[in-house]
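First the structure, in the form of structure tokens, and then the observations on it.
None of these values were measured; they are calculated from a predicted model. Sequence positions, counted from 1, serve as the residue numbers for this chain.
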Amino acid sequence: MRLLISWLVNAVALAVAVWLLDGINVTGDNTPFTLAVVALVFGLVNALIRPLVKVLTCLLNVLTLGLFTLVINAAMLWLSGWIASKLEIGFEVQTFGWAFLGALIISVVSIVLNAVLKRDE
């Protein structure tokens, strides 16, 4: 159940980022399905690749007092967009700058939704 909620939170957070930012786009007729698939890709990237990147950049993260995590989050979103484009899913992140802004929005929306959902438990 927790995995399903996490996937749903990712999908909603991605939808908010797509809605707010011009540089993150969903193409195609079935936007909710596309966002659901991209949320799955994003979740897999965060589960499989992000921990390795965080370990490799641990010293840099410590030196920047954790701010480098924002760059890592942006890189994971950008990588998810690249994977989605290669799989022809219909999701695009145009530049790293848009990925950075998108990662900030996704983080804030995820924090808020997780806080709301945690209260309801």
Between Val26, Thr34, Val93, which is the residue that forms a side-chain contact (heavy atoms from CB on, under 4.5 Å) with Val18?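 For Val18, the side-chain contact (heavy atoms from CB on, under 4.5 Å) check succeeds only for Val26.
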Rounded at 0.5 Å granularity, tell me how far [atom1] in [X] sits from [atom2] in [Y].
X: Leu104; Y: Asn73; atom1: CG; atom2: CG; result: 8.5 Å
X: Leu101; Y: Leu21; atom1: CG; atom2: CG; result: 6.0 Å
X: Arg2; Y: Leu117; atom1: CZ; atom2: CG; result: 11.5 Å
X: Leu3; Y: Leu8; atom1: CG; atom2: CG; result: 11.5 Å
X: Ile24; Y: Leu14; atom1: CD1; atom2: CG; result: 8.0 Å
X: Asn46; Y: Ile106; atom1: CG; atom2: CD1; result: 9.0 Å

Are [X] and [Y] joined in one hydrophobic group, where the rule is that I, L, V, M, F, W and Y side chains link up if heavy atoms are under 4.5 Å apart?
X: Leu35; Y: Leu20; value: yes
X: Leu63; Y: Val71; value: no
X: Ile5; Y: Leu113; value: yes
X: Leu87; Y: Ile49; value: yes

For the residue pair [X] and [Y], what are the closest heavy atoms and their distance?
X: Ala84; Y: Val38; result: CB-CG2, 4.5 Å
X: Ala99; Y: Ala74; result: CB-O, 3.5 Å
X: Lys54; Y: Asn61; result: CE-ND2, 4.3 Å
X: Ser110; Y: Ala13; result: OG-CB, 3.7 Å

Give every residue pair that meets the ring-ring contact (aromatic ring centres under 6.0 Å, His included) criterion with at least one member in residues 55-91, sequence neighbours excluded. Trp78-Phe96
Does any pair with a residue in residues 12-59 pass ring-ring contact (aromatic ring centres under 6.0 Å, His included), and if so which ones, sequence neighbours excluded? none
Return the set of residues passing side chain to side chain contact (heavy atoms under 4.5 Å, CB included) with Leu67 (not counting sequence neighbours), or none when no residue passes.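 Leu67 satisfies side chain to side chain contact (heavy atoms under 4.5 Å, CB included) with Thr64, Leu70 once adjacent residues are dropped.
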Can you find a heavy atom in the side chain of Thr27 that is under 4.5 Å from one in the side chain of Glu88? no
Side chains of Leu40 and Asn10 in contact at under 4.5 Å (non-hydrogen atoms):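 No, too far: nothing below the 4.5 Å cut-off.
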